[in-house]
Structure formats: structure tokens, C-alpha cells
Amino acid sequence: MGKRYFIELSRKDVGLVSYFPGEEIKDNPDADWIHDVLVPAVEPIAGRKAAKIREVPITFWVTVRGTARRRAEVFLFVTPAYPGALIEQALSKALQPIEHGKVHAGREPMPEDAVPCLQVFRGKLLKLYYSYDGQEGLYLPMIEWRDRAPSLLSLSIPQNSELITIDVPVEEADRLMVEGRILDVSNGEACRRFQQALIPPLRVAD
């Protein structure tokens with residue numbers, strides 16, 4: 001088994017929120033909105049050379065909610081909620097092409113049901129998985145089309161899965177699967193400051 005890496009995140013935070021109907025995947029039963037829509041949209045941000053973008057951990061959290069407009073919509077929270085004009089403009093440009101969405105609709109406290117799915121940091125796109133308090137196992141967030149609406153699923157992945165291992169140094173990896181450990185004892189700003197101080201930026205799990 002290769003090395004496993006983790007980063008520390010917190011829901012004690014405010015997110016920049018957008019929402020989308022997720023209709024891009026409705027005709028493909030095997031599609032995952034995070035993998036097939038969100039990743040291609042935000043991946044170019046990882047290639048940006050500006051230091052203000054590279055040195056800020058930009059984390060994407062998702063949940064699915066019913067709304068007055070639709071049976072359910074994908075709500076995408078981005079932290080930090082006030083990332084600065086350069087990052088906010090890059091995010092808006094990346095997300096605008098997603099169909100029928102409302103990009104940067106406001107800033108809200110992070111909801112308890114939001115789960116981390118991606119992070120852009122230091123030129124890398126990190127795909128996040130997580131664990132639940134009091135439950136065994138590790139989970140990967142997925143958004144599939146069910147009953148004429150998007151639905152958030154937690155895909156159980158085995159501890160020894162190739163999805164969550166890597167056998168090359170973090171500095172050489174183009175994309176990593178990383179555990180997002182959600183802390184209750186710290187706020188989001190403290191977690192970001194801690195992550196920014198790490199060289200390399202990711203800690204190796206036991």
C-alpha cells in the first residue's frame with residue numbers, strides 16, 4: 001500500500017455558495033456530477049501561476065437540497081468565503097459554463113450536511129474522501145441522477161483501495177486522492193493557516 005495523505009478541514013466556517021440543477025448527468029446512469037462536471041470546470045484553476053491562487057487552499061463542499069425551484073439542486077460551497085478578487089473571479093469564470101446555475105449566490109455558514117469533495121492548492125487538484133464520526137470506513141462523495149433529480153451519495157471505499165493510495169512523492173503527483181479530516185475543535189481559518197504552513201502541503205497518515 002502506498003502513502004496516504006490527509007488535510008484538516010472544518011465546518012466552522014462561511015462558504016461562498018452557488019447552486020446548480022445537475023441536469024448534465026440526467027441521461028447517463030453511470031455519471032457522477034462531481035467527477036464529470038465539477039472536476040473539468042475547476043481543474044484549470046490549479047494550473048494558474050498567480051501566487052495568490054496557488055497559496056490559498058480553495059476547498060469545494062457539496063450537498064443536495066430541495067428548493068422551491070426544483071425537486072433538488074446541487075449546492076456548492078467554496079471556502080474561504082472571501083478569497084480575494086482574483087480567486088473569486090477565477091472561480092466565477094470556471095463555474096459560469098455549468099448549465100442553468102446560480103454562481104456566487106451569496107455567503108452562508110457551512111451546513112452540517114455539506115461534505116468536502118475537491119481542493120485546489122499549490123498547483124494540484126485534490127480529490128477528497130472522508131469518514132463519518134462513529135462509523136467505520138471511508139467514503140467518497142458522488143452526485144448521481146435519481147428520481148428525476150440529483151442525489152448525494154457516499155460511496156464506501158475499502159481501506160486498501162487504489163483510489164486512496166499513492167506510491168509517488170506528493171511533489172510529483174498531478175492529482176491525489178486525499179482524506180479530508182473534518183475537525184470540530186478548530187475553525188476553517190485556523191485549518192487553512194495550518195495547511196498553508198506545511199511543506200509539503202499534505203501530511204502523511206499512519
*Kindly say whether Glu8 contributes a backbone atom to a donor-acceptor pair with the side chain of Gln195 at under 3.5 angstrom?*
no
_Is a donor from one side chain sitting under 3.5 angstrom from an acceptor on the other, for Ser151 and Glu144?_
no
*Please step through side chain to side chain contact (heavy atoms under 4.5 Å, CB included) for the pair Trp33 and Phe20, ending with a clear verdict.*
CA-CA 10 Å; Trp33 189 87; Phe20 308 92; 3.9 Å; yes
*Using the rule that two of Ile, Leu, Val, Met, Phe, Trp, Tyr join whenever any of their side-chain heavy atoms come within less than 4.5 Å, decide whether Leu155 and Leu138 are in one cluster.*
yes
*Under the side-chain hydrogen bond (donor to acceptor under 3.5 Å, both in side chains) rule, collect the residues that match up with Glu23, sequence neighbours excluded.*
none
*Given the rule in the side chain to side chain contact (heavy atoms under 4.5 Å, CB included) test, do Leu9 and Gln119 qualify, once you have shown the distances and angles that lead to the verdict?*
CA-CA 11 Å; Leu9 305 169; Gln119 187 184 92; 3.9 Å; yes
*What residues form a side chain to side chain contact (heavy atoms under 4.5 Å, CB included) with Val14, not counting sequence neighbours?*
Ala81, Arg107
_Close side-chain approach of Ile58 and Pro83, heavy atoms under 4.5 Å_ = no
*Specify the closest pair of heavy atoms between Gln196 and Phe121, including all atoms of both residues, with the distance to one decimal.*
CA-CZ, 3.9 Å
*State which residues pass ring-ring contact (aromatic ring centres under 6.0 Å, His included) with Trp61; sequence neighbours excluded, sorted by chain then number.*
none
Check: residues 66-73 side-chain donor-acceptor pairs under 3.5 Å, at least two apart:
| from | atom 1 | to | atom 2 | distance (Å) |
| --- | --- | --- | --- | --- |
| Thr67 | OG1 | Arg69 | N | 3.3 |
| Thr67 | OG1 | Arg70 | N | 3.0 |
| Thr67 | OG1 | Arg70 | O | 3.4 |
| Thr67 | OG1 | Glu73 | OE2 | 2.8 |
| Arg69 | NE | Glu73 | OE2 | 3.0 |
| Arg69 | NH2 | Glu73 | OE2 | 2.8 |
| Arg70 | NH1 | Glu73 | OE1 | 3.3 |
| Arg71 | NE | Asp147 | O | 3.3 |

*Quick one: closest heavy-atom pair of Ala41 and Pro44, and the distance?*
O-CD, 3.4 Å
*Using side chain to side chain contact (heavy atoms under 4.5 Å, CB included) as the criterion, list what pairs up with Ala94, not counting sequence neighbours.*
Ile45
*Show your reasoning for whether side chain to side chain contact (heavy atoms under 4.5 Å, CB included) applies to Val37 and Ile143.*
CA-CA 10 Å; Val37 178; Ile143 295 176; over 6 Å; no
_Run the side-chain hydrogen bond (donor to acceptor under 3.5 Å, both in side chains) test against Tyr19 and tell me which residues pass, sequence neighbours left out._
none
*Nearest-0.5 Å distance that lies between atom CD1 in Ile53 and atom CZ in Arg122*: 15.0 Å
*In Å and rounded to the nearest 0.5 Å, what is the NZ to CG distance from Lys102 to Leu76?*
15.0 Å
*With rounding to the nearest 0.5 Å, note down the distance linking CZ in Phe60 to CG in Leu126.*
11.0 Å
*What residues, two or more places apart in sequence or in another chain, satisfy ring-ring contact (aromatic ring centres under 6.0 Å, His included) together with Phe77?*
none
*May I ask whether Leu86 and Val103 are part of the same hydrophobic cluster, defined by side-chain heavy atoms of I, L, V, M, F, W, Y residues being less than 4.5 angstrom apart, directly or through others?*
yes
Report all side-chain donor-acceptor pairs from residues 183-192 shorter than 3.5 Å, counting only partners two or more places apart or in another chain.
| from | atom 1 | to | atom 2 | distance (Å) |
| --- | --- | --- | --- | --- |
| Asn187 | OD1 | Glu189 | N | 3.2 |
| Asn187 | OD1 | Ala190 | N | 2.7 |
| Glu189 | OE1 | Arg192 | NH2 | 3.2 |
| Arg192 | NH1 | Asp13 | OD2 | 2.7 |

_With heavy-atom distances below 4.5 Å as the criterion, would you say the side chains of Val39 and Leu125 are in contact?_
yes
*Sequence neighbours left out, what pairs pass salt bridge (charged side-chain N to carboxylate O under 4.0 Å, His left out) with at least one residue falling in residues 110-120?*
none
*asked:* Can you confirm whether Tyr130 sits close enough to Arg181 that some side-chain heavy atom of one is under 4.5 Å from a side-chain heavy atom of the other?
replied: no
*Whether Arg11 side chain and Ile182 backbone form a donor-acceptor pair below 3.5 Å*: no
*asked:* In the structure I gave you, are the side-chain heavy atoms of Leu38 and Cys117 within less than 4.5 Å of one another anywhere?
replied: yes
*His35 and Met142, any side-chain heavy atoms less than 4.5 Å apart*: no
_Listed partners of Arg65 passing side-chain hydrogen bond (donor to acceptor under 3.5 Å, both in side chains), at least two apart_ = none
*List in chain and number order the residues that pass side-chain hydrogen bond (donor to acceptor under 3.5 Å, both in side chains) with Gln89, two or more places apart in sequence or in another chain; answer none if no residue qualifies.*
none
*Closest heavy-atom contact between Thr63 and Leu152?*
CA-CD2, 3.9 Å
*Do the side chains of Arg54 and Arg48 get nearer than 4.5 Å, heavy atoms only?*
no
_Heavy-atom side-chain contact between Val78 and Thr59 under 4.5 Å_ = no
*Hey, does the side chain of Ser18 reach the backbone of His104 with a donor-acceptor pair shorter than 3.5 angstrom?*
yes
*Of all the heavy-atom pairs spanning Glu55 and Pro57, show the shortest one and how long it is.*
O-CD, 3.8 Å
_side chain to side chain contact (heavy atoms under 4.5 Å, CB included), that's the test. Do Ile98 and Glu24 meet it? Break it down for me._
CA-CA 8 Å; Ile98 299 178; Glu24 299 89 346; 3.1 Å; yes
*Return the minimal non-hydrogen interatomic distance between Pro141 and Leu128, and the atom names on each side.*
CD-O, 3.4 Å
*Test item: Leu16 and Glu88 side chains (from C-beta on) under 4.5 Å apart, heavy atoms*: yes
